[in-house]
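Worksheet for the structure shown next.
Within every chain, numbering begins at 1; the chains are lettered A, B, ... in the order of the sequence lines, protein sequences first and strands thereafter. Hydrogens, waters and symmetry mates play no part in the numbers below; they use all other heavy atoms, side chains included.
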2 protein chains.
Amino acid sequence: MRKQPRQRRSRRMVDALIDATAQCIVEHGVDGTTTPRIAECAGVSVGSLYQYFSDKDALFEALGEKLAHDVARALKRLPLPESANLHDLVGGAIRFGFEMLNAREGLFLELIRNWHRLPTARVADVLQDHFLELARLYFIKHHQRYPIADLQVRMFIVANSTLFTMVRQVSQDEGLLRQEEVAEGLTNMIVGYLGGETGPSR
Amino acid sequence: MRKQPRQRRSRRMVDALIDATAQCIVEHGVDGTTTPRIAECAGVSVGSLYQYFSDKDALFEALGEKLAHDVARALKRLPLPESANLHDLVGGAIRFGFEMLNAREGLFLELIRNWHRLPTARVADVLQDHFLELARLYFIKHHQRYPIADLQVRMFIVANSTLFTMVRQVSQDEGLLRQEEVAEGLTNMIVGYLGGETGPSR
DNA sequence: ATTGAATGCGAATACATATTCGCATTATGG
DNA sequence: CCATAATGCGAATATGTATTCGCATTCAAT
């Protein structure tokens with residue numbers, strides 16, 4: 001950030017700009033998100049934008065930071081059933097993922113689609129860390145029953161498979177495949193891969 | 001295409017332009033692939049470009065068409081071991097996928113990264129159809145051993161999971177995870193999902 | 001060889017976008 | 001209330017890119 005906003009109105013402007021960035025992404029896509037549009041959408045002049053953000057990318061970074069914060073908070077609120085079996089755990093995570101992709105008018109969807117050219121690493125890190133930790137806890141607890149080697153590799157595969165399959169599913173406007181079917185399929189695939197057993201009954 | 005190239009030199013120019021498009025994508029990424037650059041790279045003037053392509057997108061489409069053709073040919077050449085078990089089949093397909101992503105100096109990698117804003121549907125279709133057919137044949141033959149429900153859903157999940165996990169793996173320059181580990185993990189996950197017990201126990 | 005069509009050219013046009021700068025307005029501390 | 005700093009403005013600038021157009025060159029058929 002180029003300059004620290006000291007007064008109240010400038011701090012509100014910074015917030016408005018970040019929110020406007022998100023709204024522009026939702027309405028016009030990442031490519032259609034231009035600085036004039038962001039400024040207009042925030043009800044602010046272009047010049048003011050550059051008072052606090054060194055360039056357009058800084059805006060995206062700020063948005064990423066904010067979203068990472070939001071996501072972290074949402075994750076903490078998720079109830080973590082102590083006694084849940086693997087199938088329910090994974091199923092819950094996937095349902096949570098679909099909710100995220102459909103939330104915010106598709107903001108996350110568009111961001112993930114453009115992951116390779118956006119400074120979105122922070123959001124990804126938050127998710128990655130959370131689920132890696134979750135998995136670590138779970139598998140330490142059930143070590144006898146589920147001896148899992150190379151957790152890193154498995155989580156990498158599982159996370160990316162899930163995320164992008166969901167993105168593709170939500171992206172295809174034609175409802176050829178139902179979200180529920182895909183969610184169920186993903187869950188089964190992952191549970192089979194991580195735990196061995198299939199299905200909720202044991 | 002705006003006009004049919006009738007003479008030999010013009011046909012060669014059209015080819016050169018398509019090749020130049022591919023090379024530009026490799027060297028400068030999809031975003032850095034501009035019409036002046038393509039023309040220069042093809043050793044041709046910008047004006048000539050517009051003789052045969054109505055706009056830049058038409059060039060990408062033509063490239064997609066050509067690649068679809070190439071991929072289809074490569075797939076047909078792939079030896080299809082009659083007696084292979086599921087693990088070898090899937091493993092072979094995944095190894096083939098990694099080869100593709102590393103081939104052509106990362107052309108396919110960059111194209112898939114930008115899948116959502118490119119007219120690449122044809123290439124995807126070729127792959128989709130091929131593997132769906134492959135799966136159908138395999139599972140018809142082994143019906144007794146591997147009763148598989150909803151092949152469509154499963155192939156959707158498997159294809160997207162594999163593709164994007166591979167893309168992410170190849171994209172991360174830091175070799176934190178070895179390609180071989182990821183390939184092996186993916187193979188195990190997919191084999192478990194396709195070949196193991198039938199899905200949801202309701 | 002001649003001629004008309006096809007091809008090729010690249011400067012010029014039109015547009016869009018990122019970023020800056022000098023000036024006007026507003027807040028804050030004394 | 002004043003003085004100074006902070007803030008806000010938006011026309012102007014700089015850059016880049018897609019696309020066109022009038023003219024030059026080459027081809028192919030007679």
In whole angstroms, how far is the P atom of dT19(D) from the CG atom of Leu17(B)? 14 Å
Kindly state whether the ring of Trp115(A) and the ring of Phe164(A) have centres lying under 6.0 angstrom apart. yes
Check each residue of [range] for a non-hydrogen atom within less than 4.0 Å of any atom in DNA chain C, then write out the ones that pass by number, or none.
range: residues 35-49 of chain B; answer: Val44(B), Ser45(B), Gly47(B), Ser48(B)
range: residues 2-13 of chain A; answer: Arg2(A), Gln7(A), Arg9(A)
range: residues 50-58 of chain A; answer: Tyr50(A), Asp55(A), Lys56(A)

Suppose we screen for salt bridge (Lys or Arg N to Asp or Glu O under 4.0 Å). Which residues come up paired with Asp19(A), at least two apart in sequence or across chains? Lys66(A)
Residues forming a side chain to side chain donor-acceptor pair (under 3.5 Å) with Thr33(A), sequence neighbours excluded: none
Please find the pair of heavy atoms, one from [X] and one from [Y], that lie closest to each other, and give the distance.
X: Tyr52(A); Y: Pro5(A); result: CE2-CA, 3.7 Å
X: Arg178(B); Y: Gln169(B); result: C-NE2, 3.9 Å
X: Ala39(B); Y: Leu17(B); result: CA-CD2, 4.4 Å

Is the number of heavy atoms from other residues, nucleotides or ligands under 6.0 Å of Glu180(A) CD greater than 12? no
Mind listing the side-chain donor-acceptor pairs of residues 89-109 of chain B below 3.5 Å, one per line with the distance, residues two or more places apart or on another chain?
from: Asn102(B); atom 1: ND2; to: Phe98(B); atom 2: O; distance (Å): 3.1
from: Asn102(B); atom 1: ND2; to: Gln179(B); atom 2: OE1; distance (Å): 3.4
from: Arg104(B); atom 1: NH2; to: Asp70(B); atom 2: OD2; distance (Å): 3.1

Could you please spell out the steps behind the side chain to side chain contact (heavy atoms under 4.5 Å, CB included) verdict for Met189(B) and Leu186(B)? CA-CA 5 Å; Met189(B) 178 175 77; Leu186(B) 275 170; 3.9 Å; yes
Is any side-chain heavy atom of Val182(A) closer than 4.5 Å to one of Met166(A)? no
